[in-house]
Structures are given as C-alpha cells and as structure tokens.
Amino acid sequence: MHRTGLIAGLALGTAALLAVTACAPRDGGSGTTAAPISADQLVASLPAATTAVDEVTWSVVEGEPATLDPGASATVITPNLCDNLLALQPDFSIEAGVATSAEWVDPVTFVIDLRDDVTFWDGTPMTAADVVYSLQRNQNPASQWYAAFVLISSIEQTGDHQVTVRFTAPDLGFRDAIAGGGGAVISKAFGEAAGPALGTSDAGLMCTGPYELAEGGWTPGSEIVTTANPDYWGGAPLVETLRYVFVTDGSTLTTALTEGEIDGAYNVSPGSRSAFEADGAGSLILGPSTASFSFGPATSEGPAANPQIRQALSLAIDREQYLDTVLNGLGEVQKTIVPPFTFGQTEAHDIYQAGYDALATPEVDLEAATALVEESGEDVSQPIVLAVPAGAKEFQQTAAIVQGAGQSIGLTVEINEMQPADFGAMFYDPAARDGIDLVATQGYLETPGVLGYPSLFMLPEDQGGVFNWSGYSNDEVTAHMNAARTATDPETAADEFVAAQAIFAPDQLQVTLAGSYQLTYLSDDLTGAVTSIAIFSSPWALHLGAK
C-alpha cells in the first residue's frame, strides 16, 4: 500500500490454536480451542476513512474473472465500477442510488426516477436510454439476473429521467434485484460498440461507478488496475489506485496478507484463523453474511433423490463439530437454506423471523437416522457419490464429515474430488453430473429477498428451478412460492413464503451444514471498507482509505 499520512496500526493479538479432526466425536476433545464468536462481534462496515491513499493492493481469492459484465458474473470488482440503480447498504437495507426513486405505482407498473447529475467515466451523461438498455440486457436468458426479469412485458423511457417497467404479474422481488447487478447501469453506446466482448479484458466497460477501468487497465493473467473517478456523483474515493491481484492459494495469500505484501482480501480461508489473529500487518474482520455450506442431490434417481436419505444424513451430522472443524468457529448453525440476514431489514421481518424460529434446530440422532434409512426402502448396497471441488480444504473436510456420518448409519459415501472446471461444468451440463449423487457447495445471496435461493432448488425447472436436479415437485410449495412472489404487500408475501418454507425445509433439498461469517483481512492502516456479504453488490471501496 502506498499512501499519504501513513498511520501505523496494531494487529489483533489473540492467538488461537486449531485442532482439526474431521470425524472425531465432540466428547473426544479434539475441536478447535479458538475463542467463540458472539453476534456483537460481527461488523457490517468499518468507520469511513479520513486520509487519502495513493494505492491499495487487493487480492481476489476466487481468481481472475472471465468478465466484469454484471450480467454475466458476480465479482467483488464490478460493484466498484458499475453503479446499480438502487444502493445496497452494508446491513442489507436498500437506499436510493443513481435512481432517486424506484417504486410500484400499481401491482404491475414499476417507475424508476433517475438523478440528473450522473456521468459515465468518459464524461457523457447517464440517460434514461442507458438505463433501458441496461435493464433490457437482463431479459436475455443468458443473464444471471434473468429470473428477476421473466415477468416483465416492457421497459420504456417515459421521461427525460424516468423509466417505466411493466409486468405481466406483480413481482415483489424486482426492487431487490435492481439493488444488485440486475440494476447495473452501462453506457448504451459503449455496450453496443463492444458487443459480446463487453466486460472482458479486450473491450472493458463504461460505467458511472466510483472507480474507472481505463483502456489497458486489465492485464490478463496478471492484474486489474482501477483508478478513482474524480467526478463521481457520490464524491471521489480516497484511494487513488485500487489494484486487484489474484492469489487463490490459501497459504500463499495468508502469508502475503499477514506480512503486508497485500493490503486486503475478502472471503479468506477460515482455516487460517490462527494466523490472521496472531501479530501481523492487519486484522481479521467478521461480518454478517448470507453464505452457507450445504450439499444436495444431483440426480432424480437412487438414494440421494429420496428425502428420507437426506434427512438421515442430516441427523447423523454434528453441526457444532462442523463449525469447529470446517469453519474454525467462524460461523453459526443455520436451520435451512435461507439465512436470517437475508430478511433482517425487510418490512415483514417479524413474520420471516417467526417462521425461521419455528423450524427444527438440527440435532444428532443416529437411531432415528438409521431408522430413516431402513424405512426409505432404498438399495444402499452401492456407494453414494459425493462431488466436491478439488484443492479446497473446507470441502475436503466437508466430504470427510459427510462420509463419516454416512458410515455411522449404514451408508457408504464415496468422495469424488473434481477439478474446478469439471465441477463448474456440472452446474449447467447434465452430462457432467453422470455418476454423481450429491454435490457439496457454498452458496450466498447477494441481494435481500428470501425467494432467490429456494426458487433455484425447489421450483419446477420451467419456473426457475435450474438446480432442481432431483425433480422435486410439491404443488403446495410451488403455489406458496408463486403467491409470495406475486403478492402486492410484504406481509402477504412473508406469510406465503413461511408456509412454503415449513414444507420444503424438512425435505432437505439442500442439507444446510452451517452459515459462515463474511471474512475480511485488512491492513491495520486502512478502514472504511464494507465487511458484510453486501460486497458483491455495493461499492465497498468507496469509503476506503487510511485511518
């Protein structure tokens, strides 16, 4: 990091000892001795910086992206480049952004009023035509935001600074989507000229965000260099140059961060907790998150597709032990696929929370689990194949825990460690899932809204269930989920979702193992960063700088 007015910082001095034994019983005393975490230790954002910084180096642990197009990928880089229409806050609330207002004026008409003082990096003004173009891009099924746009009948400019979106049916989740990449604004002229190359290292981007990606700023295989937008409508950032590097090896990154060679990174490995909490150049910051580890069925046939088998595996896994061994204590037990942080700032929060509280807390009951296996009627003489990505310590441990749990109730679980490219292909190519029964994943929600995650796994494929590989079909769940989406008031939507959740949660379409905290390591000289899961949708470096 190079900055003016350098201030020396102090590292956290809490040393922690980790003992990882994936399948040992809890009473064996082999869990982590790291200090437990309380809710008041979670921080959604750091105090805003006051001092300018010349340059900050940030590591993207997921590796170099193929594109920065917000419609094609989710990265921590894009939110600093492209503004969304609405601004997602660190606590997952939503405020005005480049749109001063974005509201339903009747059940099927949504009106967006725009600021009149926003310019792209090249100085051209942001217009309603740019917003129409940007939103219409998501009506293409290739967009990752397509599901939020399927009920739209038209998107039109209806004023100098106004856009109107009309729907075939109400869609209560649309406003949440445009607080994420679904509402990212891109220059129409630039986008049309770039064509399919938009967002790549060849073509780049043209947005209105606090950082600019200049021509030549992306060196493939090496780094992405962005610079502060001096004319940003929200005020120029304090960090002049924000340089992204791609260190994906956990051990290498831990050393680089703690020795101050890299200034910060999100999504650092929980396995390095003791190193991060020892003396070093920075501190580990824990934030609230929607992320969770889980596994679910990859096939519509055999034991994995049977809810009783998944329920049995769930009953055989000790969640507290999972937290100790896999997350090193940096997470919490989560009852189902939708975590409370998702709905914490919504109008109907109390209804969602009551529904969540009413769900059964995961427990260990090997006798009941064994009985479920016997009652299932499934032929369990053949191994159940569990796919995990190769090289990821957390998933290796997850696989070992699931394997051990299966063994304890008469199931043989065979682990298939897949190379990243093969593992990734499995999510979109049915042929790549041949021979796979269960898939372990870590997922997260990047915007508020309870419907996004379960819709992918519980609804029929033609209604958005792109990950419903087991062919799960429950008319009551489908009816309640659709009623929640098309409700015209938050309370009805919440009631309908809670009714659906009460049915699908016990079916364990995803066996949720634990919710993980958002883990950030940041130089002690710096402050101002967003430290919640909102990093994927908000300009987290806007207030970054020196203390």
Side-chain angles (χ1 to χ4, degrees), residues 44-45 65 67-103 110-121 125-139 143-149 152 155 161-163 165 171 173-188 190-191 198-199 205-213 226 229 232-235 237 290 342 345 444-449 452 530 532-543:
S45 64
T67 176
L68 295 174
D69 181 348
S73 71
T75 79
V76 298
I77 303 173
T78 304
N80 288 326
L81 301 174
C82 300
D83 283 318
N84 301 325
L85 287 168
L86 295 174
L88 185 66
Q89 303 302 299
D91 66 356
F92 248 37
S93 61
I94 295 173
E95 296 184 0
V98 295
T100 58
S101 172
E103 302 293 344
F110 189 84
V111 174
I112 302 168
D113 291 314
L114 304 169
R115 293 179 68 104
D116 61 3
D117 59 349
V118 179
T119 58
F120 290 102
W121 304 325
M126 182 194 77
T127 67
D130 293 309
V131 173
V132 170
Y133 163 77
S134 300
L135 294 178
Q136 286 178 336
R137 295 182 72 238
N138 292 317
Q139 292 183 284
S143 168
Q144 65 170 338
W145 294 95
Y146 176 68
F149 286 72
I152 290 175
I155 303 172
H161 301 97
Q162 186 182 83
V163 171
V165 184
D171 190 343
F174 181 72
R175 191 171 187 275
D176 296 328
I178 62 171
V185 181
I186 294 171
S187 163
K188 178 182 179 182
F190 188 93
L198 181 69
L205 283 169
M206 181 56 66
C207 291
T208 66
Y211 281 89
E212 303 180 17
L213 175 64
T226 63
N229 176 1
Y232 185 59
W233 61 272
T290 62
T342 303
Q345 299 297 321
Y444 64 88
L445 293 159
E446 57 199 295
T447 58
V530 173
S532 74
I533 193 69
I535 57 172
F536 286 103
S537 297
S538 63
W540 53 264
L542 178 57
H543 303 294

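Counting begins at 1 with the first residue of the sequence. What's counted below: heavy atoms across the whole structure, side chains too, no hydrogens, waters or symmetry copies. Not measured: the values here are computed from a predicted model.
- The minimum heavy-atom distance linking T67 with S73 is given by the pair O-OG, 2.9 Å.
- Remark: the backbone N or O of M206 is not paired with any side-chain donor or acceptor of S187 at under 3.5 angstrom.
- When all heavy atoms of P125 and D130 are compared, the closest pair comes out as O-OD2, 3.7 Å.
- Atom-to-atom distance recorded for D117:CG and H161:NE2 is 9.0 Å, nearest 0.5 angstrom.
- Side chain to side chain, D113 and T100 fail the donor-acceptor criterion of an N or O pair below 3.5 Å.
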Tabulate below the donor-acceptor pairs under 3.5 Å that side-chain atoms of residues 173-182 make, not counting sequence neighbours, or state none.
{"unit_1": "R175", "atom_1": "NE", "unit_2": "A102", "atom_2": "O", "d": "2.9"}
{"unit_1": "R175", "atom_1": "NE", "unit_2": "E103", "atom_2": "OE2", "d": "3.4"}
{"unit_1": "R175", "atom_1": "NH2", "unit_2": "E103", "atom_2": "OE2", "d": "3.1"}

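- Atoms OH and CG, on Y211 and N229 in that order, are 10.0 Å from each other to the nearest 0.5 Å.
- Put simply, the side chain of T226 does not reach to within 4.5 Å of the side chain of E212, judged on heavy atoms.
- What you find for S93 and D91 is that their closest heavy atoms are OG-OD1, 2.6 Å.
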TODO: Walk me through it: do Y232 and D83 pass the test side-chain contact (heavy atoms from CB on, under 4.5 Å)?
DONE: CA-CA 10 Å; Y232 185 59; D83 283 318; 2.8 Å; yes
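- From C82, atom SG reaches atom CH2 of W121 across 5.5 Å, with rounding to the nearest 0.5 Å.
- Counting only heavy atoms from C-beta outward, the side chains of M126 and T119 never approach each other to under 4.5 Å.
- Between V530 and S532, the closest side-chain pair of non-hydrogen atoms falls below 4.5 Å.
- Looking at heavy atoms from C-beta onward, I152 lies in side-chain contact with Q139 at the 4.5 angstrom threshold.
- The shortest heavy-atom contact between I186 and S134 is N-OG, 2.9 Å.
- Two residues are said to be in side-chain contact when any heavy atoms from C-beta on lie closer than 4.5 Å; V98 and V185 meet this criterion.
- Heavy atoms only, all atoms of each residue included: L445 and F92 are closest at O-CZ, 3.6 Å.
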Listing, residues 534-542 side-chain donor-acceptor contacts under 3.5 Å, not counting sequence neighbours, or none:
{"unit_1": "S537", "atom_1": "OG", "unit_2": "E446", "atom_2": "O", "d": "2.8"}
{"unit_1": "S538", "atom_1": "OG", "unit_2": "A534", "atom_2": "O", "d": "2.8"}
{"unit_1": "W540", "atom_1": "NE1", "unit_2": "V76", "atom_2": "O", "d": "2.6"}

TODO: Would you sort out whether I112 and L114 count as a side-chain contact (heavy atoms from CB on, under 4.5 Å), showing the intermediate values?
DONE: CA-CA 6 Å; I112 302 168; L114 304 169; 3.8 Å; yes
Task: Stepwise side-chain contact (heavy atoms from CB on, under 4.5 Å) test for L198 and R137 - done: CA-CA 12 Å; L198 181 69; R137 295 182 72 238; 3.5 Å; yes
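- Counting all heavy atoms, side chain and backbone alike, Y133 lies closest to K188 at CD2-CA, 3.5 Å.
- Rounding to the nearest 0.5 Å gives a distance of 6.5 Å between CD1 of I94 and CG of L86.
- To the nearest 0.5 Å, atom CZ of residue F149 and atom CG of residue N138 are 4.0 Å apart.
- Atom NE2 of H543 sits in a sparse spot, with 12 or fewer heavy atoms from other residues, nucleotides or ligands closer than 6.0 Å.
- L205 CG to T78 OG1: the interatomic distance, rounded to the nearest 0.5 Å, is 7.0 Å.
- In this structure the side chain of V111 reaches within 4.5 angstrom of the side chain of Q162, judged on heavy atoms.
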